Protein chains: 2
Amino acid sequence: MPYWQGGGCRGRFRECGLKWTQTREAIVNTLSSKSGHLSAEEIFFEVKKVLPGIGLATVYRTLETLRELGIVREFDFKDGRTRYEFVVGKENAEHYHLICRICGKIIDYEINPHKEEDPIKDFKSFLSEKFNFSIERSDVQFLGLCEKCREILDKK
Amino acid sequence: MPYWQGGGCRGRFRECGLKWTQTREAIVNTLSSKSGHLSAEEIFFEVKKVLPGIGLATVYRTLETLRELGIVREFDFKDGRTRYEFVVGKENAEHYHLICRICGKIIDYEINPHKEEDPIKDFKSFLSEKFNFSIERSDVQFLGLCEKCREILDKK
DNA sequence: CTTAATGCAAACCGTTTGCAGACCA
DNA sequence: TGGTCTGCAAACGGTTTGCATTAAG
């Protein structure tokens, strides 16, 4: 059984005086098993398979709690819905996204802080110092054309 | 008279078979005179001072057109509304934003490509090559604490 | 005179909220 | 048992759309 089930997350909830319910466990399990960037609705339908009675509002409320606890992270890919990603086990990892403006494909480039150095670490230090600003997290997206869509465009 | 009024933008509109109307001119003038990151509603009320009969839908439709023409750029600062910025005259400039999570203040760090080199140019080249992806524009935001809010927090 | 652009109001849609009932500690 | 949490449905708010009218070229 993965370590966070009934473990890490449950403990974090309890420390904060929050209750660990089957609904919350189901949502955390979905987030941790499905990789990628899920929308609230996608999570809702996924959890519905296990708990058919779940409500969409509960998913939103749980996601907000999970975000406050640092268990999930929000992303906005400008498609009209917020997307969520499970970050337990990679708390300090940095994400960089390449988003294709044609097909919407998202390439996730992730830095494992134990292995590699953040490629824009120096730039962050520079900005922190220049503006006396404490950077807590970053949201770095590059928009453009993926390989396939560029090939299709080139042929036209 | 600034060069874009009845000039650059008007020409760009005509080239595309689009009409240059007083409404569009008023919106462009507002965008170019008010610096910063305006929401559609802020633009709406600003233009209303000159054209009281303007409708909010027209502002949205015009902003979409301006975005397609590359005259404005969209930003999402996670406050629930899209923000727009006039980019004529700084087409190749890169923007980096520091956003305070307490007061919402946005520090805009802009690179003038004629004077300075993009601080994350190498990282972009690296990603482009690694994923065979053409980066057209970037959206780089750092969230954290500004000087004042950190001082307030420290005193507590 | 033709076609695009506008204003209005209603629709849209992701998200939030109020509340009565259910559940965890 | 007491305080959360949940599901439901209604509300919310930024954005979009349909349509009749107006205005640009």
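In this text the structure is predicted, and so the values were computed from the model without any measurement. Chain letters run A, B, ... following the sequence lines, proteins first and then strands; every chain starts at 1.
In this structure, T62(A) and Y60(B) both approach DNA chain D, and ranking their closest nucleotides by distance from the 5' end singles out T62(A). Comparing S39(B) and Q22(B) by the nucleotide of DNA chain D whose heavy atom lies nearest to each, the residue mapping closer to the 5' end is S39(B).
Checking dC8(C), dA25(C), dG25(D) against every side-chain atom of K19(B), the shortest atom distance belongs to dG25(D). Distances were taken from every side-chain heavy atom of W20(A) (C-beta onward) to each of dT15(D), dA25(C), dT6(C); the shortest belongs to dA25(C). Comparing atom distances between the R24(A) side chain and each of dG25(D), dT6(D), dC8(C) picks out dT6(D) as nearest. Distance from the side chain of A40(A) is smallest to dT15(C) among dC5(D), dA5(C), dT15(C). Distances from the side chain of T21(B) to the nucleotides dA9(C), dG7(D), dT6(C) place dT6(C) closest. Here dT15(C) is the nucleotide among dG25(D), dG18(C), dT15(C) with the atom lying nearest to any side-chain atom of L56(A).
For the residue pair S138(A) and Q141(B), no side-chain donor N or O sits within less than 3.5 Å of a side-chain acceptor on the partner. Side-chain N/O atoms of Y96(B) and D118(B) include a donor and acceptor closer than 3.5 Å.
Salt bridge status for E42(B) with K34(B): absent, with no side-chain N to carboxylate O gap under 4.0 Å. A salt bridge does not link R150(A) with E147(A): none of the charged nitrogens is closer than 4.0 Å to a carboxylate oxygen.
Not one side-chain nitrogen or oxygen of R81(A) sits closer than 4.0 Å to the OP1 or OP2 atom of dT15(C). For T82(A) and dT15(C), the shortest distance from a side-chain N or O to OP1 or OP2 is below 4.0 Å.
Here the C1' atom of nucleotide dG14(D) and the CZ atom of R83(B) are 12 Å apart, to the nearest Å. Distance CG (L69(B)) to C1' (dA4(C)): 14 Å, rounded to an integer number of Å. Put simply, CD on E25(A) is 12 Å from P on dT6(D), counting in whole angstrom units. Distance CZ (F44(B)) to P (dG13(D)): 17 Å, rounded to an integer number of Å. Atom pair E64(A):CD and dT15(C):P shows a separation of 12 Å (rounding to whole Å applied). If you measure from atom CZ of R10(A) to atom P of dT4(D), you get 19 Å, rounded to the nearest angstrom. Atom pair D79(B):CG and dT16(C):P shows a separation of 13 Å (rounding to whole Å applied). Across the protein-nucleic acid pair, L51(A) atom CG and dC8(D) atom P stand 12 Å apart, rounded to whole Å.
The base of dG18(C) sits with one of its N or O atoms less than 3.5 Å from a complementary donor or acceptor on the side chain of R61(A).
Using a 4.0 Å heavy-atom distance criterion, T58(B) is classed as a base contact. G53(A) comes within 4.0 angstrom of sugar-phosphate atoms only, judged by non-hydrogen atoms across all strands, and of no base.
E116(B) approaches Y109(B) most closely through the heavy-atom pair OE1-OH, 4.1 Å.
Checked against a 6.0 Å centroid threshold, the rings of F77(B) and H97(B) count as neighbours.
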